[in-house]
Participant: 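Okay, here's the structure, questions in a sec.
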Amino acid sequence: MTLLTTVFAAIICTIIWYKNAPQNDMKVGILCWMFWGASLMWLVDAIFEYAELQAEYFTPEPADMLNDFYLGLSVVALGLVIWLVILLIKDPKGVVRTTLFRKKP
Amino acid sequence: MACFLVPVAEAVVTTVIAKAAKSRETESAGSKPGSGKGRFETENKVPFSRKLKWLSNMLWGGSALLAFEHVWHGEVVPWFPFLTAASDPAETAEMLAEMATVGVSMAVLVTAVWGVMLLVTNAMEKKALKAQPALN
């Protein structure tokens, strides 16, 4: 479930990136790299787990599935937080700088 | 257990190489007359440092999220020795074995995917360069 959640997040982010390309004001590319990287790593994890459990891998307990989905959502949330921090620090639109250094009339 | 440490190590190496490559590219671009920032864009060639950054971004991003998963499962803790498996010799051996199998496979797969991306990008660059004289 964690792998699936991350793969879907990666696909959605890639579609958003492609739709807005070549403009990269929102730095969605960061999210794409992050989620695709994590998806590939969890794919390896899933392959090793499949090699160990065989067909049992595809029939997880509902509680385990729920926990994995919860983890997947938390991972997506963490990814979004990391992206937001990078976006605000790099501030490609200059919004943060303008707001901070705006002189009051 | 600590499989994400292998991609982290690779990420550190690729980041250092990407920085070195970028400074070398900037130097060589600056020494040529009539060249500079944006030169690569006009020639339809992506600089190697940028391509390497794709790999380091994937490795850093993936490792960060994977590290969170390890915290979730209680395998990484915020106190010394940070890895729960490191406190027991038997578990340490198991952890090292996992790093050597799962961790290395993760790094290899991410690098292999990046390699495929490089091949596709190179083909696209060649195609764009071929099409350029026809446009001019």
Side-chain angles (χ1 to χ4, degrees), chain A residues 1-10 13-14 17-18 21-24 27-53 63-64 66-87 90, chain B residues 1-11 14-15 18 38 41-42 44 46 50-76 94 97-117 124 128:
Chain A
M1 273 309 254
T2 313
L3 170 64
L4 260 183
T5 316
T6 322
V7 167
F8 275 115
C13 289
T14 310
W17 168 81
Y18 189 85
Q23 263 192 322
N24 191 25
K27 299 222 165 275
V28 183
I30 294 168
L31 276 176
C32 296
W33 293 122
M34 202 158 33
F35 288 139
W36 279 121
S39 301
L40 290 171
M41 290 179 194
W42 268 310
L43 176 69
V44 171
D45 217 26
I47 291 167
F48 274 89
E49 215 174 315
Y50 174 74
E52 198 184 307
L53 300 172
D64 291 340
L66 191 68
N67 186 263
D68 274 355
F69 182 58
Y70 187 29
L71 170 63
L73 287 181
S74 305
V75 161
V76 173
L78 177 70
L80 289 170
V81 168
I82 293 171
W83 165 72
L84 203 61
V85 170
I86 294 171
L87 183 73
K90 292 209 170 177
Chain B
M1 285 180 162
C3 49
F4 69 97
L5 289 179
V6 181
V8 165
E10 194 190 341
T14 52
T15 306
E41 307 296 330
T42 53
N44 292 315
V46 183
R50 196 169 146 199
K51 288 176 182 170
L52 208 56
K53 217 173 161 221
W54 300 342
L55 178 63
S56 67
N57 281 347
M58 264 200 289
L59 289 166
W60 278 121
S63 307
L65 298 185
L66 225 71
F68 174 73
E69 188 226 329
H70 285 71
V71 173
W72 182 281
H73 288 130
E75 291 163 350
V76 173
E94 202 184 319
E98 198 198 77
M99 280 169 74
T101 51
V102 184
V104 170
S105 305
M106 282 173 177
V108 167
L109 180 68
V110 174
T111 314
V113 169
W114 175 72
V116 173
M117 280 169 62
M124 286 165 94

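Scope of the values below: all heavy atoms of this structure, side chains included, with no hydrogens, waters or symmetry mates. Residue numbering restarts at 1 for every chain, and letters A, B, ... go by the order of the sequence lines.
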Participant: If the test is side chain to side chain contact (heavy atoms under 4.5 Å, CB included), which one of B:Cys3, B:Ser105, B:Ser63 qualifies with A:Met41?
Facilitator: B:Ser63
Participant: Determine whether more than 12 heavy atoms belonging to other residues, nucleotides or ligands lie under 6.0 Å from atom NZ of B:Lys53.
Facilitator: no
Participant: Do A:Val75 and B:Trp72 make a side-chain contact, defined as non-hydrogen atoms from C-beta onward lying under 4.5 Å apart?
Facilitator: no
Participant: Against chain B, work out which of A:Asp45, A:Leu31, A:Ile82 has the most heavy-atom pairs shorter than 4.5 Å and name it.
Facilitator: A:Asp45
Participant: Between CE of B:Met106 and CD1 of A:Ile47, what distance do you get to the nearest 0.5 Å?
Facilitator: 10.0 Å
Participant: Which region of A:Thr2, side chain (C-beta onward) or backbone (N, CA, C, O), has a non-hydrogen atom less than 4.5 Å from a non-hydrogen atom of chain B, or is it both or neither?
Facilitator: neither
Participant: Under 4.5 Å heavy-atom distance to chain A, tell me which part of B:Val113 shows up: side chain, backbone, both or neither.
Facilitator: side chain
Participant: Closest approach of A:Leu71 and B:Phe68, non-hydrogen atoms and distance?
Facilitator: CD1-CE2, 4.1 Å
Participant: Given heavy-atom pairs under 4.5 angstrom as the criterion, report whether the side chain, backbone, both or neither of A:Ile30 touches chain B.
Facilitator: neither
Participant: Shortest non-hydrogen contact from B:Leu65 to A:Ala38?
Facilitator: CD1-CB, 3.8 Å
Participant: I want to check something: taking the side chain as every heavy atom from C-beta on, are A:Leu40 and B:Trp114 in contact at a cut-off of under 4.5 Å?
Facilitator: no
Participant: Quick check for you: among B:Leu66, B:Val108, B:Leu55, which has the greatest number of heavy-atom pairs under 4.5 Å with chain A?
Facilitator: B:Leu66
Participant: Check the orientation of B:Trp54 and A:Trp33. Use parallel for under 30°, tilted for 30 to 60°, and perpendicular for over 60°.
Facilitator: parallel
Participant: Above 12 or not: heavy atoms from other molecules or residues under 6.0 Å from CE of B:Met124?
Facilitator: no
